[in-house]
Amino acid sequence: MTSLPEPLSARDTESIAYHTIKDRLPVILSKIADTVYRLKNTIREQHGEEGAKELKDIVGGVSKLRNELQTDKPILPLEDDRADVTTWNKYLEEQTSLIGYPPSWFKSAWLYVECYMYRRVQEAVEKCKILKSLDVFQEQKQKAFLNSQGAILILLNYSMKIVKDLENEEELDVEKLFQQFTQVALWGNKCDLSISAGFENSQTGCPLDQVETLKDHILINDLKPLWTYLRASAPGRVDIILDNAGFELVTDLCLAEILLSTKLASSIHFHVKALPWFVSDVTKEDFDWTLQTLGRSNSIAMNFIFQRWKGRLSNKSWNLQVHDYWTLPFDFSEMKMRCSDLHKELSKSSLLFFKGDLNYRKLVGDRNWDTTTPFAESLRGFHPAPLCTLRALKADVQTGLAEGQAKAVREKDAEWMVNGNWAVISFCDRTVQ
Ligand SMILES: O=P(O)(O)OC[C@@]1(O)O[C@H](CO)[C@@H](O)[C@@H]1O
Ligand SMILES: [Mn+2]
């Protein structure tokens with residue numbers, strides 16, 4: 001057996017891993033400290049001096065973390081009482097004995113240290129009593145949603161029309177709809193807040209026009225085999241491993257709606273993060289807030305969609321699942337060994353959609369692959385059910401390209417791997433339990 005390529009790491013100073021750890025993560029941490037600090041008066045009014053003291057401790061914890069990162073200190077064990085602490089600390093021991101020295105920010109696997117950073121932020125929050133459920137990214141996520149209102153309204157008006165047409169049994173081209181909504185969800189992934197270090201990154205253009213204008217920017221487009229598979233297996237359970245809140249979440253919910261309305265799926269299982277993650281990732285609270293915000297609006301389309309989606313949650317055609325595995329540093333090939341219950345749960349599905357860049361990195365193990373390595377090979381045995389990745393490229397890892405394709409796209413756009421303007425829809429129909 002040939003050995004696997006090396007994990008991506010900031011050791012390579014030309015890489016996006018290096019840029020992220022050196023420039024992007026410290027900015028994200030400073031922004032958290034600012035946001036938390038700004039809550040001071042409100043928290044003091046609500047919870048008195050005890051609340052203000054906890055806020056100060058969070059800021060202190062985050063500043064200490066930024067200092068550790070910038071000076072390449074060793075990764076420290078976690079010290080809060082969340083149930084995942086043992087797993088994280090055991091992994092630190094595992095990594096230490098594997099590489100022969102304690103992992104550190106600029107020397108170790110990018111995936112591990114970047115995930116660890118978000119978990120350490122949570123540690124500062126977990127240590128609180130009053131502020132234990134504070135989401136340090138909540139304000140940014142809600143702002144991103146509100147700033148994408150125009151695009152959301154266009155998409156929901158269009159979705160409402162399709163849903164009504166389908167209910168009236170009008171003849172619609174289901175394959176075309178499937179392709180369109182899958183691509184809307186694909187490009188929804190352009191909008192994440194961690195790529196922009198937490199600065200404004202909302203959807204402003206028309207999401208439906210974008211499907212047409214960005215067609216040539218899909219480097220791998222497996223929509224045809226995906227459609228053939230889905231139609232043959234329909235209607236089954238479809239799982240969406242969600243990525244970002246805001247506009248992207250709405251595109252995913254619309255895709256889910258269309259899959260159910262066209263009877264391509266019988267139920268949808270959404271997987272959300274158990275804690276605030278990579279700035280913009282969806283938690284259960286974000287999911288609920290998004291629906292409530294649609295319900296509170298005075299737009300007809302938003303209200304119509306809200307009622308429909310509320311109904312989907314209560315009749316269980318939509319299900320929300322939270323699992324700690326999504327906020328651990330492991331890649332997905334390790335899931336069966338490290339967390340057989342989630343692997344088993346995913347194997348009940350007929351199709352898994354993995355949204356976004358981080359999920360892609362975890363699918364392919366965040367390794368320095370030759371870009372022509374077949375996608376199925378880069379999954380390294382992770383086949384709980386047929387799966388499809390909908391990902392805008394934001395990290396310098398890619399598999400499944402044709403010979404010469406990477407060179408050709410690099411000539412058009414030197415930043416193609418990291419600027420979110422290029423995307424892949426890679427489908428693998430293998431199932432190995
Ligand atoms: O998973 P998402 O939301 O599409 O992207 C997350 C991301 O912005 O964060 C990491 C860099 O900090 C990269 O993996 C990627 O660029
Ligand atoms: Mn994300």
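In listed order, ligands and their atoms are each counted from 1. Quick caveat, the model's predicted, so the values are computed rather than measured.
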Exercise for review: Compute the ring centroids of Y229 and F427, then answer whether they are less than 6.0 Å apart.
Suggested key: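 Distance test on ring centres: under 6.0 Å, yes.
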Show me which atoms of ligand 1 lie under 4.0 Å from any heavy atom of [X].
X	result
G356	4 (O)
N189	4 (O)
D357	1 (O), 2 (P), 4 (O), 5 (O), 13 (C), 14 (O), 15 (C), 16 (O)
D243	1 (O), 2 (P), 3 (O), 4 (O)
R361	10 (C), 13 (C), 14 (O)

Practice item. Tell me whether the guanidinium CZ or amine NZ of R119 lies under 6.0 angstrom from the six-membered ring centre of W277 and within 45° of its axis. Key: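 No cation-pi geometry.
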Is [Y] paired with [X] through a side-chain N to carboxylate O contact shorter than 4.0 Å?
X	Y	result
E175	R231	no
K40	E54	no
E93	K90	no
K355	D243	no

Does any N or O of ligand 1 fall below 3.5 Å from an N or O anywhere on [X], backbone included?
X	result
E114	yes
K394	yes
S280	no
L358	yes
N244	yes
T20	no

Exercise for review: For the Mn ion (ligand 2), find the closest N/O/S atom on D243 and give its atom name.
Suggested key: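 Closest N, O or S atom of D243 to the Mn ion (ligand 2): OD1.
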Point to revise | Among D286, D288, D281, the one residue meeting salt bridge (charged side-chain N to carboxylate O under 4.0 Å, His left out) with K284 | key: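 Result: among D286, D288, D281, D288 is the only option passing the salt bridge (charged side-chain N to carboxylate O under 4.0 Å, His left out) with K284.
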Review point. Under the side chain to side chain donor-acceptor pair (under 3.5 Å) test, which residues partner T399, sequence neighbours left out?
Key: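 So T399 forms a side chain to side chain donor-acceptor pair (under 3.5 Å) with Y360, S378.
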**Study point:** For K107, all residues meeting side chain to side chain donor-acceptor pair (under 3.5 Å), sequence neighbours excluded
**Key:**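 Partners of K107 by the side chain to side chain donor-acceptor pair (under 3.5 Å) criterion, ordered by chain and then number, come out as D72.
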Point to revise | Residue S280, metal the Mn ion (ligand 2), N/O/S under 2.8 Å | key: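 For S280, the answer is no, given that no N, O or S atom comes within less than 2.8 Å of the Mn ion (ligand 2).
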**Study point:** D281 backbone or side-chain N/O/S under 2.8 Å from the Mn ion (ligand 2)
**Key:**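 D281 does place an N, O or S atom closer than 2.8 Å to the Mn ion (ligand 2).
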Review point. Going through the checks in order, is the side-chain contact (heavy atoms from CB on, under 4.5 Å) test met by M302 and Q149?
Key: CA-CA 10 Å; M302 286 189 180; Q149 288 283 315; 3.4 Å; yes
**Study point:** Part of R391 with heavy atoms under 4.0 Å of ligand 1, whether side chain, backbone, both or neither
**Key:**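 Under 4.0 Å from ligand 1, R391 contributes no heavy atoms.
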**Study point:** Residue part near ligand 1, for K355, under 4.0 Å between non-hydrogen atoms
**Key:**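 None of K355 does.
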